[in-house]
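Report on the following structure.
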Amino acid sequence: MEYKFRDIEKKWQDWWNVNQSYKVSNDTSKPKFYVLDMFPYPSGAGLHVGHPLGYIASDIFSRFKRLKGFNVLHPMGYDAFGLPAEQYAIEHGVHPATSTDQNIINFRKQLDNIGFCFDWDREVRTSDPAYYKWTQWIFLQLYQSFYNRITNKAEPIERLIKEFEQFGSSTKTSRTTVHQFTAADWKEMDAEKQQHILMDHRLAYCGFGEVNWCEALGTVLANDEVVNGVSERGGHPVIKKKLRQWYLRITEYADRLLEGLDRIEFSDAMKEMQTNWIGKSSGAEIDFEIRLTPGPSPDKEKGLGDEAVLRVYTTRPDTIFGVDFMVIAPEHELVEQITTPAQKIEVDEYIFFVKSRSERERMAEKKISGVFTGSYALNPFDQRAIPIWISEYVLAGYGTGAIMAVPCGDERDHKFAKHYSIPITNIIGKYYNGEDANATKEAVLENSGFLNGMVMRNAIEVAIGKLEELGIGMRKVNYKMRDAAFSRQRYWGEPFPIVWYNGVAYPMEESELPLELPKVDSYSSGPEGEGPLANFSEWVNVPSPPAPNHLRRGAGGEGKRETNTMPGYAGSSWYFLRYMDPHNNQTFCDRKISDYWGQVDLYIGGTEHAVGHLLYSRMWTKALYDLGHIGHDEPYKKLVNQGMIQGVSQMAYVRKGDFEEGVSIGKSNTINLGPNFPFASIDYNEPMLQLFSSDFINEGNKELYKPFNIPIEFVELNTSDLTRNKLNVELAIKSYPQRLNAIYIVPGAFYYKEKWWAWNEKQTKIEVIKGISFYTSSEVEKMSKSKYNVINPDSLIDKYGADTFRMYEMFLGPVEISKPWDTKGIEGVHRFLKKLWRLFYDELKGKLWTDEKPTADELKVLHKTIKKIEEDTERFSFNTAVSAFMICVNELADLKSHKKEILQPLLILLTPYAPHIAEELWNLLGNTSSILNAAFPAFEASYVTESSKEYPVSINGKLRTTIVIGLDIEQGEVEEIVLNNDVVQKWMEGKTPKKIIFVKGKMVNVVI
RNA sequence: GCGCAUGUGGCGUAAUUGGUAGCCGCGCCAGACUUAGGAUCUGGUGGAGUGAUCCUUGGGGGUUCGAGUCCCUCCAUGCGCACCA
């Protein structure tokens, strides 16, 4: 009986399906365990071998936990809203819903091939109205909440209204805003005005601010979606633009997002990234009086009121006596006021120069630039007049948009001072060498007035104290993180459940949800930065206000729907909750059920979501927790980041200059790919690549053709013609990659005698016949369709089976590590499964397994393996677990062990890794119930305990021999045995040992 | 530039706490069975040397009876941040 993996895998996948073997109940006495994968965006490209890596790891862990007696939730779904579907729609006229559904069908087929234990009854799709109804509902919860700074949590906005009614804007519960009003004022205000004020406090709010606008994509992007000044998707230029946008007030959660990191198991790298993104720093804000002339005498300036002060933010108030100039951002509001007439032209030129440059140019070029305003700030402690400069190295968006520059302590300030020859005051003595700034906190301060003689580290507090005492400064905490832009000018996203009346945003009633996306057939942008939805007036216009509620007093006339849609991360910020209770149409997730499942115990996914999805979903979870909708405030207990599987791109290329543009290479231009490589000819006019063997080897009287590479992924096989002397395969090139004039030769196989064969890869310079050199090389890079280096799991599964594929992906190395894909090793894993099969069945002899009692040796092998697999699986060391299985099967084969009592537990160990073969053999052993419900075998230490050990014996730390010594033997006796050993005596050369180190169960070291 | 990782055979990797470096697999070499090998099996495989033995975990230094593992330093690669005052 043979291992027919195709039949076996099909059979059990159907059986599990029919028997609903993966259905998970919410109602059980078992302990729970929640294993979650980052759900995929269903792109048209389908899965490559990198995608399933994390899914396989989580699948193994889920199955393992199930065997250990847990009720395991292991769901899967689709992050189905997003830009690519809409771009595809624009280009091909296919509705995003249609292409998305098509892609999902594809994905599902590919996922099913691998044999995952997902409970598909719990599938979610973020683009499904039944799902996004609750995304909209959660948005409304955020909209109707504010962050109470006293209780430090989100609370209903009604609470804030009560505060305003009682205390006006002096309430301490919420952020201070530009609005100043008394309780009486509040009551006087009309609803419209009140709503404007409330908007500035809501957790989801609409504001007018500078956003990342991407013209090419026609939408606004969040900070984490912009990389190096261009859009993360597509690499289009991004500019700053002032627009009306929705935001999430994530900044209010900055401290709790930081604090929560201590309570969750994320990698240090991941925590570091989030910490940096939040970017908390503490220091002080200091006000400096402004003078239009350098004199310290208080003079009445024209156009400058008494209140005109320059407010800066610094983390180092201890350096205040080292301030030699001030720098304000070019966008700073005081620029105009403080520019003196003499400097006006220069300043205007500089501002014009700054404005003319894109964000990208600004980042790329780091030349020092700036301009003096003509004005001065007064150092409050020594009345020194400090020139105020404008420079783009100070960012308008951070702190106060102005800094006090301390050149001896800050590198950037130092460079600026040197560049503009501004005199530098040294306040740190020998710590400053005149050449480089030194940001030390250890120096003893000099030239620093009342701070003289203090160590900087301690002076910080003293300086802040003094500033606060004088009322010219205050302690201040700053964050790099900004509120998250939450609206997109796109079609394919969740519509906002908001209707505008007279410029006031009114939330829709829960009963009116979901607000469905209208079916449309055009996706072009609306007017003035509006989304495509703005073009559909019958959807946008709401004839009369819906039933009034307390927020709608004053609403009247025609209403208009919000035409922006929510960003991609909206749906993914809470999907882990919906899986728990996916069909509930009364609430987003029943509280009892979310209390049962609680946190995601294990979350597996890539590092690319470090500061996007992972931060947003943490914030949503905290907000839902604050509002009492769930019982935990961190969504993920443990996060494991799978490494990226890179592709190896093989390419043949022409060096620029070796041939001129437009030169065509005819079919006769044959390229020889080195001594053992085939001839190839490329016709650029007719995209055709011919490869044929130049070389064959003689074996006896047979002529065999050397295997060679043919880029099957990007060329299509036309004909396969074998002649006596040469193998002639003609291939049509599907498309040309754009860079380097390169042709990618992709790892693959070639077709010969009606079969696919593996090919040999080598790096060679291709010798040329007609004067043009082609070179080949390989490069490890991200696996991507555009690079022709994608390995599709389907073909591998077809050739080797899902079990082999699963185990091979794990065998490749630790899950967290990124590595290039290499198909070659898969044979070894496949051989292992065949070898396992042969412990049960022989092709000729048939059934091998027996009911005989196992020997001590066999039991030892089994229990050693139980221990190893259990420990390795528990610590996500799946590669070593696969290796342990191989060792076990090798040893059992050596022992000719075919005993059911050994093999049966082994199958249970194996079933998380290779579920199909395990279930088949389990069934063949006569079991009637599924192996999925078996119990993980218990490790019995007694089977593996040894009575003696082969001790390594070293002389002076160098291993010289090994001696078998009983494990219960103590130091004294060991010394005697060791010293009497021939080899040891030889190496001691008659000397007396100084010391004998004996570590029981480990080793012996004789020191002479 | 700053921060964080990682460097082990021809290749992917193993060594969980400082205690026999190289497990397992690929590849390669030899052999068996074969029309054939792309199936299967057996043996070998870090390097040098006939050998005893010596060398070997990116380079150098240190701590220790003992270092792939800890410390210092340099080099290389990868990732993250990039004027955040």
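Within every chain, numbering begins at 1; the chains are lettered A, B, ... in the order of the sequence lines, protein sequences first and strands thereafter.
Side chain of A:S267 to main chain of A:M270: a donor-acceptor pair is present (N/O by atom type, distance under 3.5 Å, no hydrogens or angles). Here the side chain of A:R806 pairs no donor or acceptor atom with the backbone of A:A914 at under 3.5 angstrom. A donor-acceptor pair is defined here as one N or O able to donate and one able to accept, closer than 3.5 Å; such a pair exists between the side chain of A:N1005 and the backbone of A:G957.
Relative orientation of the A:F416 and A:Y393 rings is tilted, given thresholds of 30° and 60° on the angle between their planes.
The side chain to side chain donor-acceptor pair (under 3.5 Å) test applied to A:E285 returns no partner, not counting sequence neighbours.
The same atom, P, is picked in B:rC81 and in B:rU73; the two are 27 Å apart, to the nearest Å. Here the separation of B:rG22 from B:rA30, taken at their P atoms, is 26 Å to the nearest Å. B:rA5 and B:rG60: their P atoms are spaced 24 Å apart (whole Å). Look at the C1' atom in both B:rU16 and B:rG31: the space between them is 40 Å, to the nearest Å. Atom name P, nucleotides B:rU8 and B:rU69: the rounded distance is 13 Å, in whole Å. Distance noted for atom C1' between B:rG58 and B:rC75: 7 Å (whole Å). The separation of B:rG27 from B:rU35, taken at their C1' atoms, amounts to 27 Å, rounded to a whole angstrom. Nucleotides B:rG46 and B:rC24 are separated by 12 Å at their P atoms, to the nearest Å.
Taking the charged nitrogens against the carboxylate oxygens, A:E2 and A:K834 have no contact shorter than 4.0 Å, which rules out a salt bridge. With respect to A:K867 and A:E871, a salt bridge is recorded, a charged nitrogen being found less than 4.0 Å from a carboxylate O. Salt bridge status for A:K860 with A:E946: present, with a side-chain N to carboxylate O gap under 4.0 Å.
For the side-chain contact (heavy atoms from CB on, under 4.5 Å) test with A:Y479, the passing option among A:I250, A:L257, A:D255 is A:D255; the others fail.
The side chain of A:R831 contributes no N or O atom lying less than 4.0 Å from OP1 or OP2 of B:rC41. Contact annotation: A:S877 side-chain N/O to B:rU16 OP1/OP2 distance is not under 4.0 Å. At the phosphate of B:rA85, neither OP1 nor OP2 sits under 4.0 Å from any side-chain N or O atom of A:N478. Between A:Y393 and B:rA85 there is no side-chain N or O to OP1 or OP2 distance below 4.0 Å.
Using a 4.0 Å heavy-atom criterion, one finds that A:D413 contacts no nucleic acid atom at all.
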Pairs under 3.5 angstrom, nitrogen or oxygen only, protein versus nucleotides 2-10 of chain B, please.
from: B:rG3; atom 1: O2'; to: A:E272; atom 2: OE2; distance (Å): 2.8

Find every protein N or O atom lying less than 3.5 Å from an N or O atom of nucleotides 63-70 of chain B, and list the pairs.
from: B:rC65; atom 1: O2'; to: A:N1005; atom 2: ND2; distance (Å): 3.1
from: B:rC65; atom 1: O2; to: A:N1005; atom 2: ND2; distance (Å): 2.6

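For B:rA32, the paired base is B:rU40 (Watson-Crick or G-U wobble, both distances below 3.5 Å). Partner assigned to B:rC81 is B:rG1, using Watson-Crick or G-U wobble distances below 3.5 angstrom. When both distances must be under 3.5 Å, the Watson-Crick or G-U wobble mate of B:rA15 does not exist.
Comparing B:rU20, B:rG25, B:rA14 against the side chain of A:M886 picks out B:rG25 as the nearest. Checking B:rA14, B:rA39, B:rC83 against every side-chain atom of A:L395, the shortest atom distance belongs to B:rC83.
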